Amino acid sequence: MGESKDSAKDALLEKMKATKEKWDAEADASPDGPDETDALLSQAISMAIDQGKGWAPGERDKYLEMLLDDDYIPPLFASSKEELDNSGLAEAFSTLHNEGETPGKNILDFKKKGDDSIALGRKNVVKNMSYYRDAVNHYYEAYHWACRITAKEEDFVPTPEELLAAEDDPYFSRQELDALTSVICSNCALAHMCLKNWGFVRDECKKAVDYNSKNLKAWYRLAKAYQMLQCWEEAGNAIDSGLEIETDNKELLQLQKQLDEKVRKARLQRQQRERARAERSSRIKEVWRYCKDENIALGRLPLVATVKDDEDEDEGGDAMEHRWHHHYPHTGQLPKRLSQSDGGGWTWPVLFVYPSHRQSDFIAEFGEDELIAIRMAQMFPEYEGYGDAGETEITWDFNNEFRCSNLAVYFEVHCLEEECSDKRLVIHPDSVERLIDQGSAMRFYESSRALKGDEGPEMTTVARCLERKHLHHQRKAWIKKHGSLWAKPDPCPVVQVHPGVTLEQVLRHKNLVVPNFLLTFVLFPMEHPAHKEFLKEHKCIGIVEPKEA
């Protein structure tokens, strides 16, 4: 097979040679003689014949098929390395791009250009910043070439030919290359310092010390960057790292003295945050163990409503208010265990929601052994407590309907008992998702605190990104199963609560899931139209009644 291909290719070369001789003869016989085009064509064919060029059998068809492929991208228009590799001409283009240049030589040349630009910028009396911008670009080029070099082994011994070629193509050991790259990044940070781009100074210095942890200038510039960014503890750490290399460095010692008080306060605040976080973790673990032992189900709600910043703009800013908006001001509250002197029981944060009037009440500590009727009597006393006019003190109760004996109490069933054990259950993004383990409970609680700003703006941004990712996965799973987010589940059923029961009886109901650690009751005046509409949409599947003595 191989011999037949070679013979076919030889025959093709012979045919090309004969055709060339024929064309040359015709050009010589022409009255005007061979022109410049004929000469160039003849020369090209001669070179192709000498190098054995020409289409082997099947090569031309294969090449044309590749060109006509819809996925083929010509190397000239390739926008990524992968596209260039797929074109099959990556090596040729690399040779063309680097013709007459070598990576090692380019590193040193671009580094020198950057150094010269910084020197010119310092000499310039009118403070022209363009010199420093040029320096940044030159250092970026030098770093680019440094990343393309393959370092030699430590035991590498060059041959005489390699030593001679090293003048045009220098080689580096791994240690030498890392040291040079560290200097390039550190010098680039210096150029950014002159431009007061402190974020870039920080990033370049971090790269510099990653390549060479002994680069003293990089540590100093990193400390200065953190100082200007007001990251005091990080600045102190950079100063300490630099002083480990040179304990009597004047610049670092001066900066340390200048920032000493701020660094000390920042470290103290971090220790306090870590202590508070450890205490919160301990509390969440205690709550989780208690709920697991007592068969109390916990759930969570989405802490964000969108997966991107401009999502609300797509709806024209008229998006409906989230049905859980009453929850969010109180997100982050946790059940508490009372001291032994107070009985040793547990108290829960409880929310009373009044959909008929779009109002709510928050109770920070509702004891498990308390009767719901007692709390309701305190909040909504009967007519005897209203005076001669018989009007309630609630400003939004226009029809004086909110009396203890006139209120129906419900809780929503977010997960039926037979569904709760199914971990594959797909949850709509607006619904309550059950917390399945202690880790998920801790992550949810920390995210809720971070989104309220308790951990600073950076942690708020991180928590928002994580919550948006979680919401995106929920939406994706729901769309995959149901086709659209508009295919919402049926309104959840409800269970009526007799006011004579204790909070403990409600918490241990088999169909209750407590969202956001916040037990939520829905209350309606008995004869209010909204009550009837509520029961039409939400099927009542049971009632929690007082236990017999």
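Quick caveat, the model's predicted, so the values are computed rather than measured.
If you take CD1 on I118 and SG on C188, they are separated by 8.0 Å, rounding to the nearest 0.5 Å. Distance check: N106 CG to K113 NZ gives 8.5 Å after rounding to the nearest 0.5 Å. With rounding to the nearest 0.5 Å, the separation of CG in D134 from CG in D116 is 11.5 Å. To the nearest 0.5 Å, atoms CD1 (I239) and CG (L259) are separated by 5.0 Å. Atom CG in L252 sits 11.0 Å away from atom CH2 in W219 (nearest 0.5 Å). Atom-to-atom distance recorded for S281:OG and E279:CD is 10.0 Å, nearest 0.5 angstrom.
Closest of all the heavy-atom pairs between L255 and A223 is CD2-CB, 3.7 Å. Contact detail for A450 and M459: the closest heavy-atom pair is CB-O, 3.9 Å. Minimum interatomic distance between A191 and V136 (heavy atoms only, all atoms of both residues): CB-CG2, 3.6 Å. Taking both residues in full, the closest heavy atoms of F172 and G104 are given as CE1-CA, 4.1 Å, listed atom of the first, atom of the second, then distance. Taking each heavy atom of L435 and W288 in turn, the nearest pair found is O-CH2, 3.4 Å. Nearest heavy-atom pair across A146 and I107 is CA-CD1, 3.4 Å.
Comment: D240 engages R267 in a salt bridge, judged by a side-chain N to carboxylate O separation of less than 4.0 angstrom. Electrostatic pairing of K207 and E204 counts as a salt bridge here, judged by a charged N lying under 4.0 Å from a carboxylate O.
Side chain of W232 to main chain of E261: no donor-acceptor pair is present (N/O by atom type, distance under 3.5 Å, no hydrogens or angles). Looking only at distances, no side-chain donor or acceptor of S282 sits under 3.5 Å from a matching main-chain atom of A278. Counting only distance, with no hydrogens or angles, the side chain of H428 and the backbone of L485 share a donor-acceptor pair below 3.5 Å. Side-chain atoms of S213 never come within 3.5 Å of backbone atoms of V209 as a donor-acceptor pair (strictly under, hydrogens ignored).
A heavy-atom distance below 4.5 Å is not found between the side chains of K111 and W145. Side-chain contact check for L451 versus R464: some heavy-atom pair is nearer than 4.5 Å. Counting only heavy atoms from C-beta outward, the side chains of E233 and V263 never approach each other to under 4.5 Å. A 4.5 Å side-chain heavy-atom check between M129 and C194 finds every atom pair outside the cut-off. By the 4.5 Å heavy-atom criterion applied to side chains, H470 and E433 are counted as neighbours. Side-chain contact between F444 and N516 is present, with heavy atoms from C-beta onward closer than 4.5 Å. At least one side-chain heavy atom of N187 sits less than 4.5 Å from a side-chain heavy atom of R221. In this structure, the side chains of C205 and C185 stay at 4.5 Å or more apart for every pair of heavy atoms.
For the residue pair R133/N197, the side-chain donor-acceptor check at 3.5 Å is not satisfied. At a cut-off of 3.5 Å, with distance as the only test, no side-chain donor of T181 or D178 sits close to an acceptor on the other residue. Judged purely by distance below 3.5 Å, without hydrogens or angles, the side chains of Q254 and K257 never pair a donor atom with an acceptor atom.
If you run side-chain hydrogen bond (donor to acceptor under 3.5 Å, both in side chains) between E274 and each of Q271, R270, Q272, only R270 comes through. For the salt bridge (Lys or Arg N to Asp or Glu O under 4.0 Å) criterion with E446, the lone passing option out of R280, R283, R273 is R280. A side chain to side chain contact (heavy atoms under 4.5 Å, CB included) with I184 is found for exactly one of Y139, Y140, Y211, namely Y139.
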Checklist entry - Under the side chain to side chain contact (heavy atoms under 4.5 Å, CB included) criterion, do F200 and R202 qualify, and how do the steps go? => result CA-CA 5 Å; F200 288 108; R202 173 198 59 200; over 6 Å; no
Checklist entry - Is there a salt bridge (charged side-chain N to carboxylate O under 4.0 Å, His left out) between E251 and K224 once you walk through the steps? => result CA-CA 10 Å; E251 292 178 324; K224 287 293 293 183; over 6 Å; no
Next on the checklist: For a side chain to side chain contact (heavy atoms under 4.5 Å, CB included) check, start with the C-alpha distance between I479 and K476, then their side-chain angles and the critical distance, and finish with the verdict.
Outcome noted: CA-CA 5 Å; I479 292 173; K476 188 176 179 181; 6.0 Å; no
Next on the checklist: As a quick check of understanding, evaluate side chain to side chain contact (heavy atoms under 4.5 Å, CB included) for L253 and Q256, giving each step before the final call.
Outcome noted: CA-CA 5 Å; L253 289 173; Q256 184 185 49; 3.9 Å; yes
Checklist entry - What do the steps show when you test L243 against D248 for side chain to side chain contact (heavy atoms under 4.5 Å, CB included), and what is the final call? => result CA-CA 7 Å; L243 290 175; D248 57 349; over 6 Å; no
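Residue R122 qualifies as open at atom CZ: its count of foreign heavy atoms under 6.0 Å is 12 or below. Atom CD of E286 sits in a crowded spot, with more than 12 heavy atoms from other residues, nucleotides or ligands closer than 6.0 Å.
Under a cutoff of 6.0 Å and an axis angle of 45°, K105 and F110 do not form a cation-pi pair.
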